[in-house]
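These notes concern the structure reproduced below.
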Protein chains: 2
Amino acid sequence: MSARTEIEGSRARQSRATREAIVEAATRLMHLRGYQNTALDEVLRASGVGKGNFYYHFRSKEDLGYAILDRIVARFVERTLDPCFSEPGQPRLGQIRCFLDRVLEAQRERNCVGGCAMGNLASELSDVHEGFRARLASVFEAWRGRLMTALREAQARGEVSADCDAEPVAHFLVAALEGAILLTKVTKDIGVMEQCVRELKRYLALYEAGR
Amino acid sequence: MSARTEIEGSRARQSRATREAIVEAATRLMHLRGYQNTALDEVLRASGVGKGNFYYHFRSKEDLGYAILDRIVARFVERTLDPCFSEPGQPRLGQIRCFLDRVLEAQRERNCVGGCAMGNLASELSDVHEGFRARLASVFEAWRGRLMTALREAQARGEVSADCDAEPVAHFLVAALEGAILLTKVTKDIGVMEQCVRELKRYLALYEAGR
DNA sequence: TCATCTGTACCAACCAGTCGGTACACAACC
DNA sequence: GGTTGTGTACCGACTGGTTGGTACAGATGA
């Protein structure tokens, strides 16, 4: 019954590719320029899609905004979060440290350009657009949730001491990373990020079981 | 020689007041909506100043941008940084803790609205406008510098252990605060900020002399 | 009178979104 | 198997409104 499993006609395939091209171009542009300061025409030019076609696939620019947010989150989960936390046998603290390193490496690869797409959107839209704010809040909550479960599992496994309250620690990890990325973006110095991650690991070690 | 100390004519006084009104309104609006998404007309309407008058006082919108940035920084130094670090007798670690609390209280007073004006501008403009980026980078450097000297003085006074490297620690403090403010802005929950500040203090205690 | 201010009318460029119309895959029918 | 009908996918010109910025006449006080 699912359309996805049916044999897809060339028309439907092309249609999906068009939508994909729009979202791809918009994600790239809006990551750098922000949502409000990226003109639809730029996205259209970059993706080679006409105006009418765009409004066939999306109801509005806002609609596109939610689409790129979904894409950003999906990519973050798949490329940064999942690779660290998927293997169940691994020690949890090691997974968290691996995650910190992965975020650092992502900034290095980007040459300190762009910063965190989710953080940028949060900064730009939280006080301007309630819909985006709510969506972004749930994204950060999910991210923090992933860290919280890792921390609680670490406690259950005896890696982390019992006096570690997972919620504030997870909040702090997310906040520190976001701030470090922002500072790296404005200084254009990966060394800042390296120092911050090093200090963040030192903080984390505070809760390591057996002092 | 300084014009500021001369007896000011009513005309010059009015002119300065006009400029002041523009910067004041622009600062308030751009703190919430961002630089690029705040229209000049809005600023003019809010300050009750005409277009021609505006372009008498400012060369361009960009010029206004630098002016509000100066104002934001001056206000931050005078209202948040200076009150904590001005008294030379105080213990340095206490000054830093007082500063963290002050940042937290500022967010509470704002009802988690607006976030950090400098952080917002950094997020919005760092990859779009090199002039602003450079200016913002120097602002964050000055902020970090203030924390660094406090930390070094703390070491000299024996409050902080010798193995504390002031630069990365200061970087981390700034980053963690910026991230915490951002997370608070998007969640609209001051509890997030409280938790982050608490964890940040726990981190800071790592370097307290005598364990 | 003359430089300093200020309001208003205006401009071209740009914005998100609309509209009339076209191309074509695909199915239905004869 | 060709013709016809239909909805999906698409195009680019256009619209009303907004943008940063300019021109300029008039007001004001030294």
Side-chain angles (χ1 to χ4, degrees), chain A residues 3-4 6-26 29-30 32-69 124-125 128-129 131-132, chain B residues 3-4 6-27 29-30 32-69 121 124-125 128-129 131-132:
Chain A
R4 207 47 61 84
E6 298 285 336
I7 301 129
E8 205 175 40
S10 68
R11 268 187 85 61
R13 196 183 317 118
Q14 176 56 32
S15 174
R16 287 215 302 130
T18 300
R19 198 194 144 91
E20 180 64 17
I22 295 170
V23 175
E24 167 63 32
L29 286 169
M30 288 178 178
L32 292 177
R33 302 189 222 269
Y35 168 76
Q36 301 184 95
N37 202 49
T38 300
L40 237 33
D41 285 349
E42 284 182 287
V43 174
L44 267 25
R45 211 176 313 123
S47 57
V49 172
K51 253 281 166 72
N53 199 359
F54 172 84
Y55 279 97
Y56 174 78
H57 289 281
F58 298 92
R59 250 184 301 109
S60 61
K61 185 182 181 183
E62 186 184 336
D63 195 18
L64 174 63
Y66 285 112
I68 70 145
L69 186 47
E124 179 188 355
L125 299 171
V128 155
H129 195 300
F132 279 122
Chain B
R4 208 49 60 86
E6 296 286 335
I7 300 125
E8 206 174 39
S10 69
R11 223 153 140 65
R13 198 184 315 118
Q14 176 55 30
S15 175
R16 288 215 303 130
T18 301
R19 197 193 145 92
E20 181 63 17
I22 294 169
V23 175
E24 166 63 31
T27 303
L29 285 169
M30 289 179 176
L32 292 177
R33 302 190 223 270
Y35 168 76
Q36 302 185 93
N37 202 50
T38 300
L40 237 33
D41 285 350
E42 283 182 288
V43 175
L44 267 25
R45 213 175 311 125
S47 57
V49 172
K51 257 272 170 80
N53 200 356
F54 172 83
Y55 278 98
Y56 175 77
H57 288 282
F58 297 93
R59 252 185 301 108
S60 61
K61 184 183 181 181
E62 186 184 337
D63 196 20
L64 173 64
Y66 285 111
I68 70 144
L69 185 47
L121 290 173
E124 180 188 355
L125 299 171
V128 155
H129 193 301
F132 279 123

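Chain A is the first sequence line, chain B the second, and so forth, proteins listed ahead of strands; every chain is numbered from 1.
The side chain of B/His57 contributes an N or O atom lying less than 4.0 Å from OP1 or OP2 of C/dT6. The side chain of B/Tyr55 contributes an N or O atom lying less than 4.0 Å from OP1 or OP2 of D/dG21. For C/dT6, the OP1/OP2 oxygens have no side-chain nitrogen or oxygen of B/Tyr56 closer than 4.0 Å. Phosphate contact (OP1/OP2 of C/dT6, side-chain N/O of B/Thr18, threshold under 4.0 Å): present.
To the nearest angstrom, C1' of C/dG7 lies 16 Å from CZ of B/Arg45. Counting to the nearest Å, the P atom of C/dC15 and the CD atom of A/Gln36 are 14 Å from each other. In this structure, the CE atom of A/Met30 is 13 Å from the C1' atom of C/dC15, given to the nearest Å. Put simply, CG on A/Asp41 is 12 Å from C1' on C/dA13, counting in whole angstrom units. Taking atom CZ on A/Arg33 and atom C1' on C/dC15, their separation rounds to 15 Å, with Å as the unit.
Residue A/Asn53 has its side chain nearest to D/dC11 when only D/dT22, D/dC11, C/dA16 are considered. Each of D/dG12, C/dC15, D/dG21 was ranked by its minimum atom distance to the side chain of A/Ala39; first place goes to C/dC15.
No hydrogens or angles were tested; on distance alone, nothing pairs the side chain of A/Lys61 with the base of C/dG17 as donor and acceptor under 3.5 Å.
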Check against side-chain contact (heavy atoms from CB on, under 4.5 Å), A/Asp63 and A/His57: CA-CA 10 Å; A/Asp63 195 18; A/His57 289 281; over 6 Å; no
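Judged by a 6.0 Å distance limit and a 45° cone about the ring axis, A/Lys61 is positioned over the six-membered ring of A/Tyr35.
Between the B/Glu124 side chain and the A/Gly34 main chain, no donor and acceptor come within less than 3.5 Å of each other.
Here A/Arg33 contributes atom CZ and B/Leu125 contributes atom CG; the two are 13.5 Å apart, rounded to the nearest 0.5 Å.
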